[in-house]
Amino acid sequence: MVRVTTSTADLWHHYGRARATSDRAVPGTFHWNWAQNAGPGPEVLGDLTGRCVGDLGAGTSRHAAHLAVHHEPARVIAIDASPAQHAMATDLYAHLAPRLRIVQSDAVPHLQAMTGAYDVLYSVFGAVDFTDPRELLPAAAAALKPGGRLVFATLAHYLSGASAQPDAMAADIPAKTPDGETTTMRRWVLQEHVWTKLLDEARFTNITADVLPAATSGPRTADTLLVSAYHPS
């Protein structure tokens with residue numbers, strides 16, 4: 001393995017690129033499970049009519065576009081740190097402005113600048129998976145209005161089948177730089193009780209977690225941990 005030590009390479013450059021060239025439609029569905037083909041949908045977020053919603057680690061903003069078109073929010077803000085993902089999202093869905101706003105930013109500084117701005121925050125294997133939760137969760141709590149809600153889908157175990165971590169620690173997972181060299185990035189794959197503890201420390205309440213079983217079998221399938229929590233009202 002060739003390890004690339006640069007911290008500035010866009011490690012999401014290749015993700016979703018093939019699909020972006022052939023599928024430009026606003027998705028008609030929204031799923032939380034790893035395979036994106038079963039389980040609950042956006043109803044988990046509650047009634048979004050007139051609400052300000054944030055997608056943390058939105059990628060090409062397909063989930064955010066679905067919500068903007070089909071659920072009548074006041075605004076959906078799709079946040080992603082990757083220049084490549086931001087460019088693809090803008091190309092695909094900039095026409096949905098002003099209801100959909102596409103923002104290139106790391107999640108934590110964005111949330112820190114948006115105190116009390118959001119009714120709902122969510123992440124579908126997004127920034128919650130790839131940002132230190134001891135930084136992200138307090139920032140998310142501060143960005144939510146009183147009574148606001150955070151919902152996220154994360155891996156219930158590693159894609160290899162290994163158990164999730166029993167403490168708040170990340171693992172290095174394979175990634176590729178834009179020029180195709182092999183490197184790693186950090187991902188937090190944590191057991192349910194660890195997420196609950198971290199959310200409690202960030203002053204969230206009414207914390208619930210459900211396991212969505214893998215819809216298919218085979219390599220790189222995974223159960224999903226779907227977590228919901230509220231900012232105290």
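Values below: all heavy atoms of this structure, side chains included; hydrogens, waters and symmetry mates excluded.
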**Q** With rounding to the nearest 0.5 angstrom, report the CG to CZ distance, D172 to R186.
**A**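 Output value for this atom pair is 8.0 Å.
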
**Q** Do other residues, nucleotides or ligands put more than 12 heavy atoms under 6.0 Å from Y230 OH?
**A**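 Counting neighbours around OH of Y230, 12 or fewer heavy atoms of other residues, nucleotides or ligands fall under 6.0 Å, so no.
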
**Q** Is it the case that atom OH in Y158 sees more than 12 heavy atoms from other parts of the structure closer than 6.0 Å?
**A**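 Above 12, so yes.
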
**Q** Can you tell me which residue among V108, L150, D200 is in a side-chain contact (heavy atoms from CB on, under 4.5 Å) with L137?
**A**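 It is L150; the other options fail the test.
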
**Q** Is it the case that the side chain of D129 and the backbone of W188 share a donor-acceptor pair, with hydrogens and angles ignored and the cut-off at 3.5 Å?
**A**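 No, D129 side chain to W188 backbone: no donor-acceptor pair under 3.5 Å.
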
**Q** Drop me the distance from E201's CD to K197's NZ, to the nearest 0.5 angstrom.
**A**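 So the CD of E201 and the NZ of K197 are separated by 3.5 Å.
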
**Q** What's the shortest heavy-atom distance between A84 and D10, and which atoms?
**A**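 Heavy atoms of A84 and D10 come nearest at N-OD2, 2.9 Å.
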
**Q** Measuring from atom CG of D106 to atom CG of L111, what distance do you get when rounded to the nearest 0.5 angstrom?
**A**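 The distance works out to 10.5 Å.
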
**Q** Are M169 and V194 linked, directly or through other ILVMFWY residues, by side chains that come within less than 4.5 angstrom of each other?
**A**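 Different hydrophobic clusters.
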
**Q** Side-chain contact test, heavy atoms from C-beta onward, threshold under 4.5 Å: evaluate it for D80 versus S61 and give yes or no.
**A**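 Counting from C-beta outward, D80 and S61 never come under 4.5 Å.
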
**Q** When T196 is tested against each of T208, I207, V227 for side-chain contact (heavy atoms from CB on, under 4.5 Å), which residue passes?
**A**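 Exactly one pass, corresponding to I207.
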
**Q** Could you measure the distance from the CZ atom of F30 to the NE2 atom of H70? Nearest 0.5 Å is fine.
**A**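 Answer rounded to 0.5 Å: 12.0 Å.
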
**Q** Determine whether the side chains of T224 and N33 contain a donor N or O and an acceptor N or O closer than 3.5 Å.
**A**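 Distance-only check fails for T224 and N33.
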
**Q** Honestly curious: do V44 and V124 fall in one hydrophobic cluster under the side-chain, below-4.5 Å linking rule?
**A**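 Both belong to a single hydrophobic cluster.
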
**Q** Using 0.5 Å steps for rounding, measure from the CH2 atom of W34 to the NE2 atom of H157.
**A**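 Nearest 0.5 Å value for the CH2-NE2 distance: 10.5 Å.
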
**Q** Is it true that, when you exclude R17 itself, more than 12 heavy atoms of the residues, nucleotides or ligands shown sit nearer than 6.0 Å to its CZ?
**A**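 Atom CZ in R17 is packed in, count exceeds 12.
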
**Q** Using 30° and 60° as the class limits, which term best fits the ring planes of W32 and Y122: parallel, tilted or perpendicular?
**A**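 Because their plane-to-plane angle is over 60°, the rings of W32 and Y122 count as perpendicular.
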
**Q** Side chains of R187 and L155: does their closest heavy-atom pair fall under 4.5 Å?
**A**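 A side-chain contact under 4.5 Å exists here.
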
**Q** Any idea which heavy atoms bring T221 and A214 closest together, and the distance?
**A**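 Heavy atoms of T221 and A214 come nearest at CB-CB, 4.4 Å.
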
**Q** Measuring from L136:CG to F152:CZ, what's the distance to the nearest 0.5 Å?
**A**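 Those atoms lie 9.0 Å apart.
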
**Q** Do E135 and Q112 touch side chain to side chain, with heavy atoms closer than 4.5 Å?
**A**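 Answer no - side chains too far apart.
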
**Q** Please tell me if the side chains of I77 and M114 come closer than 4.5 Å, counting only heavy atoms from C-beta onward.
**A**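 Yes - at least one pair of side-chain heavy atoms lies under 4.5 Å apart.
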
**Q** Any non-hydrogen side-chain atom of D179 less than 4.5 Å from a side-chain atom of H13?
**A**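 Contact flag for D179/H13 side chains = no.
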
**Q** Can you find a pair of side-chain heavy atoms, one from R149 and one from L45, that are under 4.5 Å apart?
**A**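 The answer is no, as the side chains (C-beta and beyond) never meet within the 4.5 Å cut-off.
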
**Q** Would you say the side-chain atoms of Y93 and R62 include a donor-acceptor pair closer than 3.5 Å?
**A**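 The criterion, which ignores hydrogens and geometry beyond distance, is satisfied for R62 and Y93.
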
**Q** Can you confirm whether D210 sits close enough to P40 that some side-chain heavy atom of one is under 4.5 Å from a side-chain heavy atom of the other?
**A**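 No; the side chains remain at least 4.5 Å from each other.
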
